[in-house]
Amino acid sequence: MRKVLVVNGPNLGRLGVRQPDVYGSQDFEALCLLCKKWAQKLNLQVEVRQSDDEAQMVHWMHEAADTHTPVVMNPAAFTHYSYALADAAHMVLDAGVPLVEVHISNPSARDAFRKISVISAVATGTITGMGLYGYKLALEAVAHCVTPESRLEDTMEFHG
């Protein structure tokens, strides 16, 4: 089973309490359980983490790069200004593994400052506005990127 690191930034440990009209009513524990369920179906093993500390998230990106571990990242507020996190995320890609950015809400449909992502420019792809289901899509994207057979099958389905 391929390991995937699912990393969540500031305030995401408060899911279910923080702005449920924007982020939904399910809590962080529910997100962890859903990610594990979805990953298992994709033959992936996930480790779900959350930190309000930018330095910790940078260290997790270093760890992922050093171990060639794909990443699903919801950088939360760090999305908009953390060049340190963007640089560290780039190291994951330099290690030859995907990094998929995910957001529960659609930042482009919110406050003006949320429209800017310094992470999107270095991510393999970005999924926004799909609620917690976006994590499932992100895990599917990672599985697609790391499993050559799935890429071939998808291409055959699309073209054939």
Side-chain angles (χ1 to χ4, degrees), residues 1-19 22-24 26-107 110 113-147:
M1 253 188 205
R2 183 72 184 253
K3 181 180 176 183
V4 177
L5 188 58
V6 178
V7 177
N8 295 276
N11 299 313
L12 289 170
R14 303 285 296 161
L15 287 175
V17 176
R18 179 183 178 223
Q19 292 181 277
V22 174
Y23 300 104
Q26 291 181 293
D27 62 13
F28 185 74
E29 185 178 331
L31 172 62
C32 294
L33 293 172
L34 286 168
C35 285
K36 289 176 183 178
K37 180 181 108 178
W38 292 327
Q40 186 175 24
K41 291 181 180 179
L42 295 165
N43 202 31
L44 300 172
Q45 173 192 357
V46 296
E47 184 174 338
V48 184
R49 300 177 183 173
Q50 188 277 326
S51 180
D52 297 328
D53 183 349
E54 182 178 18
Q56 181 64 64
M57 290 190 64
V58 168
H59 290 297
W60 288 339
M61 293 305 100
H62 295 171
E63 175 189 331
D66 293 346
T67 60
H68 301 275
T69 302
V71 174
V72 169
M73 180 199 298
N74 185 337
F78 297 144
T79 301
H80 315 296
Y81 66 87
S82 180
Y83 296 107
L85 187 56
D87 288 346
H90 200 285
M91 290 181 216
V92 174
L93 298 177
D94 289 344
V97 292
L99 181 144
V100 178
E101 178 186 19
V102 64
H103 294 280
I104 296 167
S105 68
N106 180 356
R110 297 183 62 202
F113 78 91
R114 295 184 196 276
K115 294 178 184 358
I116 298 168
S117 172
V118 299
I119 305 299
S120 293
V122 300
T124 305
T126 301
I127 298 166
T128 68
M130 301 300 294
L132 297 188
Y133 184 73
Y135 287 83
K136 180 179 188 217
L137 297 173
L139 289 167
E140 288 174 351
V142 166
H144 171 78
C145 290
V146 300
T147 310

Please name the pair of heavy atoms, one in [X] and one in [Y], separated by the smallest distance, quoted to 0.1 Å.
X	Y	answer
L42	E140	CD1-N, 3.7 Å
F78	D52	CZ-O, 3.7 Å
S82	I119	O-CD1, 4.3 Å
L93	L99	CD2-N, 3.7 Å
A39	V46	CB-CG1, 3.3 Å
V48	F28	CG1-CZ, 3.8 Å

Inset, instruction - Decide yes or no on side chain to side chain contact (heavy atoms under 4.5 Å, CB included) for Y135 and I104, but give the supporting numbers first. - result: CA-CA 8 Å; Y135 287 83; I104 296 167; 3.9 Å; yes

Check whether any side-chain heavy atom of [X] sits under 4.5 Å from a side-chain heavy atom of [Y], and report yes or no.
X	Y	value
M57	V7	yes
T124	C145	yes
V97	V146	no
H103	N74	yes

Legend entry - Side chains of H62 and D66, donor plus acceptor under 3.5 Å: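 Note: H62 and D66 side chains miss the donor-acceptor criterion.
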
Inset, instruction - Establish, from distance only, whether the side-chain atoms of E101 and S117 form a donor-acceptor pair under 3.5 Å. - result: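 Judged by distance alone, the side chains do pair up.
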
Inset, instruction - Return yes when atom CZ of R14 has more than 12 non-hydrogen atoms of other residues, nucleotides or ligands closer than 6.0 Å, and no otherwise. - result: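 Check fails, neighbour count at 12 or below.
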
Inset, instruction - Using a cut-off of 6.0 Å, state whether more than 12 heavy atoms not belonging to Q56 lie near its atom CD. - result: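 Above 12, so yes.
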
Mark yes or no for whether [X], through its side chain, and [Y], through its backbone, hold a donor-acceptor pair below 3.5 Å.
X	Y	value
E47	K3	no
N8	R49	yes
H68	A95	yes

Any chance you could measure [X], atom [atom1], to [Y], atom [atom2], to the nearest 0.5 Å?
X	Y	atom1	atom2	value
L5	T67	CG	OG1	8.0 Å
K136	C35	NZ	SG	11.5 Å
L12	D27	CG	CG	12.5 Å
L139	I127	CG	CD1	8.5 Å
K36	L31	NZ	CG	10.5 Å
W38	L132	CH2	CG	6.0 Å

Inset, instruction - Give the intermediate values and the outcome of side chain to side chain contact (heavy atoms under 4.5 Å, CB included) for residues V72 and V4. - result: CA-CA 7 Å; V72 169; V4 177; 4.2 Å; yes

Inset, instruction - Determine, stepwise, if the pair V100 / T126 fulfils side chain to side chain contact (heavy atoms under 4.5 Å, CB included). - result: CA-CA 6 Å; V100 178; T126 301; over 6 Å; no

Inset, instruction - Check the pair M73 / M61 against side chain to side chain contact (heavy atoms under 4.5 Å, CB included), numbers first and verdict last. - result: CA-CA 10 Å; M73 180 199 298; M61 293 305 100; 3.3 Å; yes

